[in-house]
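So that the names make sense, note that chain A is the first sequence line, chain B the second, and so on, each numbered from 1. Atoms considered below: every heavy atom in the structure, side chains included; atoms not considered: hydrogens, waters and symmetry mates.
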Amino acid sequence: MKNEKVWKIAMTGVFAALSYVVFTFLQFKIWLPGGDATSIHFGNAVCVLGALILGGVYGGIGGAIGMTIGDLLDPVYVVYAPKTFILKFCIGLIAGLIAHKIGKINEQTDQKQIFKWALLAAIGGLLFNVIFDPLIGYFYKLVLLGKPAAEVTLSWNVAATSINAILSTIASVVIYMALRPALQKSGLFSQVKAAAK
Amino acid sequence: MSLKLEDVTYTYSPGTAYEMHALEHINLEFPNGQFVGIIGHTGSGKSTLVQHLNGLIRPTAGRVLYNGEDIWKEGYPLRELRSHVGLVFQYPEHQLFETDVITDVCFGPKNQGLSSEECRKRAEEALDHVGFPKEMYEKSPFELSGGQKRRVAIAGVLAMNPDFLVLDEPTAGLDPKGRDEILDQLVLLHKTRGISVVLVSHSMEDIAKYVERIIVMNHGHVAFDDTPKKVFAHYKELEKIGLAAPQMTYIMHALKEHGMDVDVTATTVEEARDTILAALESQKKNGKKGAEVC
Amino acid sequence: MLRDITLGQYYPADSILHRLDPRVKFVGTIVYVISLFLFHNWGYLLGTVFLAVMIKLSKVPFKFITKGLKSIFVLLAITMVFNILFTPGEVLVRIWKITITREGVAMACRMSVRLIFLMIGSSLMTLTTTPNQLTDALESLLGPLKKIHVPVHEISMMMSIALRFIPILLEETDKIMKAQMARGADFESGNIIQRVKNMVPLLVPLFISAFRRANDLALAMEARCYHGGEGRTQMKPLRYQTRDYAAYGVLMAYLVCSIGLRVCGL
Amino acid sequence: MGMIRAAGLGYEYLRYEEEGQEPEVTKAIEDVSLEIQKGQFIAVLGHNGSGKSTLAKHINALLVPTEGTMWVDDMKTTDEEDVWKIRQKAGMVFQNPDNQIIGNVVEEDVGFGPENLGVPTDEIWKRVEESLTATGMISYRAHSPNKLSGGQKQRVAIAGVMAMQPECIVLDEPTAMLDPNGRKEVLRAVRKLNEEKGVTVILITHYMEEVVFADRVFVMDNGKLVMQGTPREIFSEVEKLKELRLDVPQVTLLAYELRKNGVDLPEGILTIEELVNALCH
Ligand SMILES: Nc1ncnc2c1ncn2[C@@H]1O[C@H](COP(=O)(O)OP(=O)(O)OP(=O)(O)O)[C@@H](O)[C@H]1O
Ligand SMILES: Nc1ncnc2c1ncn2[C@@H]1O[C@H](COP(=O)(O)OP(=O)(O)OP(=O)(O)O)[C@@H](O)[C@H]1O
Ligand SMILES: [Mg+2]
Ligand SMILES: [Mg+2]
């Protein structure tokens, strides 16, 4: 590939579409009271996966764009779009930092090491989400819904985000471990590796 | 054993602005042991039709019967049906996911609840049937060539030991030899294992060469349902609905017009050759030279 | 369902709002949201009038606008109940341990109205602007961020690629899902862990296919001489028309009125 | 002097599976030399994996040779500074119609190329209109590509290349994913460009019938250029083509079978008329 930049833009754009699809198509309809952001979905898992595959920056942007499009297309969530963008980007950034800068996951050949770093990256990224999603969500609701409602939904939100984080961790690691050999054999891995550098 | 569609209608996104009647009042029967071809213009409903055959989509109205039983009645084992009626999608290689070929082919049998030895046996049989070399069983499906991937994917469905094998354009994108190899394997399976085959194809030549019955779809309706010779006799009508006859049909008609006494129903190269040779022979016998006839 | 998906909820019509520059609508929505938080009492009247006029101008049937409201019903109910119950102030009714205050009722009403107006206001933007126009508007409005090395052009390019590929990948997901179901896969039952595992036969092919597509796309873009934002001209550059300046004027006036009302404490 | 020339062209794909290991080498093309004149209609045949796509990507510098040289209009594809000029001169259409359309509206996609070239806005509109008219897609200009059929999408892709005003257009199996009507539409558009605008066309295909109209045919096998000639010359070698996993048009095959059975027919019959005329006169 001669032009890295074009390649990265295409890859990230398609990945954003993929995130949106995985996010909307694969939702477990377990609605908790409170309505928003509490259904169990794979959106965050996709951000982590993006970071594991494409690296923190591009994977993060891809995931973030995908989720943000989801928000922009739905008037209920339009106001949440900036929050989504920043939070999801950070999930990717942190997961990518752990996996690639610290773990050097792309250079690992031992399955156990790969598993370990994928897991740590997922935990890192999602732990961030467990703290900051409810927190920022709280300020949003404080303004939008008033203090009493914000306080009550905060606890629900914490519960839902935590459950989501645990499931997302499992999902992203399981899928990454299955995906990596497939990427390698199909000759795509050496290319995505370039983006993660 | 048979598959039967009774008055099947299917509508995509009913009740919205994008409502699309993909199938309307389809009545068809697929008896056991036939080699059937389905042709039709793009969007005529071929793929929608074949997805009804193994219960992947539920008709908006009408019934689908397998061995006389309604597959959509309460409690019908749909997953079991899917192992009797194997469906190979267009570009089936896009569904491969396992780390090696043999495990991927085992996916179907495994879902049927077979033991791992049994799965392996089935998988090996199936791979053998599609002519996939043994040495490559441990390779990743992702490092195979297009034609090889296609075979593995077909084997993945075959391994479930279906009685019906439905293939949606199995040869798209393959080179001519690869095309012939896959289709020849199908004929072999049909003959040796008695599997019923339903082949969706855009190639009139392939259809003419392989199938014993053609179903022609047009805008969600069945336009023709007959033997290839009879269907292709309507080649003018076929052209009107965006299809064509095999090249041989055109040659035969052209020759006939020029006064050569050939059998216009010849659709394959072999048939055409034989009838032309016969016609030339009789011209010679009658003492006339070809040029005088024309 | 999938092939014909129109992303978002754009309602095609020929109205002034549809024809306005997307940047104006974007800014307008923000101004409107700000104004909602400025209002106290009488301001809401101004907000209502403004919104009503906009709805009228948009030519979008009212039922399309309110369709989204159903999904915030739960949120609305929670807001009402908790604000009524937990806002301290002058007691109106007391039943056993539950007290309802005047402030609480006022607060609940204000919050609900604000929420509903916010929803309708932003719906109006998404109903009259296509996702692509929105992307263009964002690129243009965020343009100044380029100075601090935010890759605005790149991000907006990624966004339009994403919009282009969403329907394609949705259809692909459906296809792979069906293909695996034909092989006996089961996506519906099992506990959550089981279900995540069952997703592998769907997600691995989906990801691989998406990356393949991205690869093809990158080649196609390169073949058409794409090399980032520099030296690029635009086929449809966003250019303000007279009506857009007029619209900015109206927005300005509206904002001034809102602030005025707030300052006067009305 | 030919517009496109290759001398001793070779290309190797390297694939690093694991860090530190020897890369896996695939020699995709080897020692290919060819020359293509301006305005010609060229067809390239070859089995799956024979190196057709790899060769095609060399023509607009998406790949640069690991051996030998490629010239496009006397510019070497290895010269960095000429890359954009080469890509503008030699456009490319790919197999999958979905993966090469970038715009969300037909006309915007067609305008994408000229935008990248820095063409002024008014000129872009003119070019978009022209190329959509030339490919017969002008009435779809405001449609979303998602709602077009495969053949229509492929024609949009061709229009997108045309808008860059190339002198040569390389089509890598543009009809592989289409139905017969879509194939006809695309082929008609391509032939029109070749005949009316004098655009050099290089068409890669697995459909022998599409080759009949070409001025010249190249046949690839395992990375090597093994045959070249007019369609008539190529298709008269039925046995050799079969060995190369290829085929001949059905008419040609019939004529070949008849000849084998002693009927007096000329070699390399390509069309129905030719066969009928030969048989009846
Ligand atoms: N998922 C879907 N959502 C909405 N409409 C659909 C969907 N799938 C198919 N259709 C529509 O239903 C009709 C029949 O489609 P179908 O895919 O069955 O045709 P086909 O004969 O298989 O065509 P092709 O030869 O292109 O494969 C078409 O008009 C198509 O646009
Ligand atoms: N990105 C790649 N990395 C490694 N090997 C590759 C790559 N692309 C192609 N190859 C290999 O190079 C050889 C030539 O491939 P190419 O795609 O040029 O063939 P083709 O003639 O276009 O085949 P098809 O008819 O299937 O499109 C094949 O053996 C293929 O496996
Ligand atoms: Mg189909
Ligand atoms: Mg190729």
**Request:** Take C:L219 and D:K57 through the side chain to side chain contact (heavy atoms under 4.5 Å, CB included) test and state the conclusion after the steps.
**Result:** CA-CA 9 Å; C:L219 275 181; D:K57 284 173 194 157; 3.5 Å; yes
**Request:** Check C:P167 against D:N146 and note the closest heavy-atom contact, atom names and distance.
**Result:** CG-ND2, 3.3 Å
**Asked** So do the side chains of C:F165 and D:N99 get within less than 4.5 Å of each other, counting heavy atoms only?
**Response** yes
**Residues, nucleotides or ligands: over 12 heavy atoms within 6.0 Å of C:K197 NZ** = no
**Request:** Nearest 0.5 Å please: distance from the CE atom of C:M221 over to the CG atom of D:N116.
**Result:** 7.5 Å
**Any pair counted as side chain to side chain donor-acceptor pair (under 3.5 Å), so long as it reaches residues 127-138 of chain D, sequence neighbours left out** = D:E123-D:R127, D:R127-D:Q165, D:E129-D:R141
**Prompt:** chain C heavy atoms under 4.5 Å from D:Q95: which part of the residue, side chain, backbone, both or neither?
**Reply:** neither
**Request:** Under 4.5 Å, counting heavy-atom pairs only, tell me which of C:R224, C:R232, C:H227, C:M157 racks up the most with chain D.
**Result:** C:R224
**Message:** Can you confirm whether C:I16 is buried at CD1, in the sense that more than 12 heavy atoms of other residues, nucleotides or ligands lie under 6.0 Å from that atom?
**Reply:** no
**Message:** I need the residue from D:Q100, D:E108, D:M92, D:Q88 with the largest number of non-hydrogen atom pairs under 4.5 Å to chain C.
**Reply:** D:E108
**Prompt:** Going by the ring pair (Phe, Tyr, Trp, His ring centres under 6.0 Å) test, which pairs reach into residues 113-150 of chain D, not counting sequence neighbours?
**Reply:** D:Y140-D:H143
**Prompt:** Regarding C:R164 and D:N104, is there a side-chain donor-to-acceptor distance under 3.5 Å anywhere?
**Reply:** no
**Asked** What option among D:V93, D:I86, D:D109, D:V161 has the most heavy-atom pairs under 4.5 Å with chain C?
**Response** D:D109
**Exceeds 12 heavy-atom contacts within 6.0 angstrom, atom OH of D:Y13** = yes
**Message:** Heavy-atom cut-off 4.5 Å, strictly under: side chain, backbone, both or neither for D:P166 against chain C?
**Reply:** neither
**Partner chain C: residue of D:V128, D:I102, D:N96, D:I101 with the largest heavy-atom pair count (under 4.5 Å)** = D:I101
**Request:** Please round to the nearest 0.5 Å and tell me the distance separating atom SG of C:C225 and atom CE of D:M164.
**Result:** 3.5 Å
**Asked** Below 4.5 Å, heavy atoms only, C-beta onward: do D:T121 and C:P237 meet side chain to side chain?
**Response** yes
**Message:** Ring-plane angle category for C:Y226 and D:F112, please: parallel below 30°, perpendicular beyond 60°, tilted otherwise.
**Reply:** parallel
**Prompt:** What part of D:F94 gets closer than 4.5 Å to chain C, counting heavy atoms only: side chain, backbone, both or neither?
**Reply:** side chain
**Prompt:** Relative to chain C, which segment of D:N60 carries a heavy atom at a distance below 4.5 Å: side chain, backbone, both, or neither?
**Reply:** side chain
